[in-house]
Chemist: 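What follows is a structure written as structure tokens; I'll ask about it next.
Atoms within a ligand are numbered from 1 in the order they appear, just like the ligands themselves. Residue numbers start at 1 and run along the sequence shown.
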Amino acid sequence: MISDKTKLKLKGAKKICVLTGAGISAESGIPTFRGSGGLWKNFRAEDLATPDAFRRNPSLVWEWYHWRRNICKNANPNLAHFVIAEMEKHYSSFLLVTQNVDGLHPRAGSKRLLEIHGNIFTARCLKCETIFPIEDKEYPEHLVYCPKCASLSRPHIVWFGESYDVGILEEIYSYTSNIDIVIIIGTSGQVSVPVQIALNAINRGAYSIEINPDESTISNNVDEFIKGKAGEILPSISQLLQE
Ligand code: NAD
Ligand code: ZN
């Protein structure tokens, strides 16, 4: 299933980066945006996770986020999340970059982690920009208000069309400029920044491995595409590292 060349690379590497997307949490029961179960009340994620959608109907967007947050809260990390947390201890230099907002990586024990799209358990005030945890309670009309200034707040998430935290991106590009391996797991490659991060690492000489049951927009550029579910493939990597 995994080629001998990739096995050797995984065993010999010192500095690696793992890049994850919604697919790694699919086996935890969290729907991906583009897979089955990605629709909510007939809305596409692209029509809800945008600044425009929030301006038009903050109550609807919040209702969707409360629904999604509840799914994340009740889900548990799967084997793939745990193997990645283990890999962090194995390699002398390690960074996990995730597009996921579900909090399952930190719950599995990952520490060297950058959540580039934010975290679904936090909100941000539109006025004073305070970032605060969302409480587990019923919010009238689903709306969340700032604990400091009582203004309307929004999910602390990077939405479609919004810019990323520049400091975080600089840290990622600097780290991935001289890594041995990049592993891309469960991402469709429809969002451009994660694709750029992967391609940049590849162009700078990183050996690239992708794990996904389906091909993505990056698959043609990787050294090895491993077709399969994250929760099934990653345990064999873990076993390999222990040999
Ligand atoms: P996506 O929904 O566009 O694509 C998911 C990818 O995962 C697909 O390529 C699919 O083939 C693959 N996949 C499905 N099951 C898999 C499995 N068991 N193992 C490995 N791969 C599997 O997701 P995306 O590319 O990450 O981007 C969409 C955006 O959606 C991201 O910005 C992310 O922030 C957000 N999102 C996050 C979550 C989450 O936090 N869990 C869930 C949905 C969407
Ligand atoms: Zn405020």
Chemist: Looking at Tyr175 and Phe94, would you say the former's side chain and the latter's main chain have a donor-acceptor pair under 3.5 Å?
Modeler: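 Answer holds: yes.
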Chemist: Has Ile30 got any heavy atom lying under 4.0 angstrom from an atom of ligand 1?
Modeler: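 Contact check Ile30 vs ligand 1: positive.
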Chemist: Is ligand 1 under 4.0 Å from a heavy atom in the side chain of Arg34, in the backbone, in both, or in neither?
Modeler: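 It is both backbone and side chain that touch ligand 1.
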Chemist: Vertex the Zn ion (ligand 2): angle to SG of Cys128 and SG of Cys149, to 10°?
Modeler: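 Between SG of Cys128 and SG of Cys149, the angle at the Zn ion (ligand 2) is about 120°.
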Chemist: Does Pro31 have a non-hydrogen atom less than 4.0 Å from ligand 1?
Modeler: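 So Pro31 counts as touching ligand 1.
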Chemist: Of all the heavy atoms in Gln190, does at least one lie under 4.0 Å from an atom in ligand 1?
Modeler: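 Checking ligand 1 against Gln190, which is what was asked, there is no heavy-atom contact under 4.0 Å.
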Chemist: Of the choices Asn212, Val195, Val193, which has the non-hydrogen atom that lies closest to atom 11 (O) of ligand 1?
Modeler: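 Looking at heavy atoms only, Asn212 sits closest to atom 11 (O) of ligand 1.
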Chemist: Have a look at Ala80, Gly228, Gly186, Ser28 and point out the one with the heavy atom closest to atom 5 (C) of ligand 1.
Modeler: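 The residue whose heavy atom sits nearest atom 5 (C) of ligand 1 is Gly186.
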Chemist: Would Ser216 count as a contact of ligand 1 if the rule is a heavy atom under 4.0 Å away?
Modeler: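 No, that is not the case, since the closest heavy atom of the residue is not under 4.0 Å from the ligand.
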Chemist: Given the rule in the side-chain contact (heavy atoms from CB on, under 4.5 Å) test, do Tyr207 and Leu8 qualify, once you have shown the distances and angles that lead to the verdict?
Modeler: CA-CA 11 Å; Tyr207 185 79; Leu8 278 175; over 6 Å; no
Chemist: Backbone, side chain, both or neither: what part of Lys229 comes under 4.0 angstrom of ligand 1, heavy atoms only?
Modeler: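 Both the backbone and the side chain of Lys229 come within reach of ligand 1.
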Chemist: For this output row, return yes or no: ring centroids of His156 and Phe121 closer than 6.0 angstrom.
Modeler: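 Judged by ring-centre distance (under 6.0 Å), His156 and Phe121 do not meet the cut-off.
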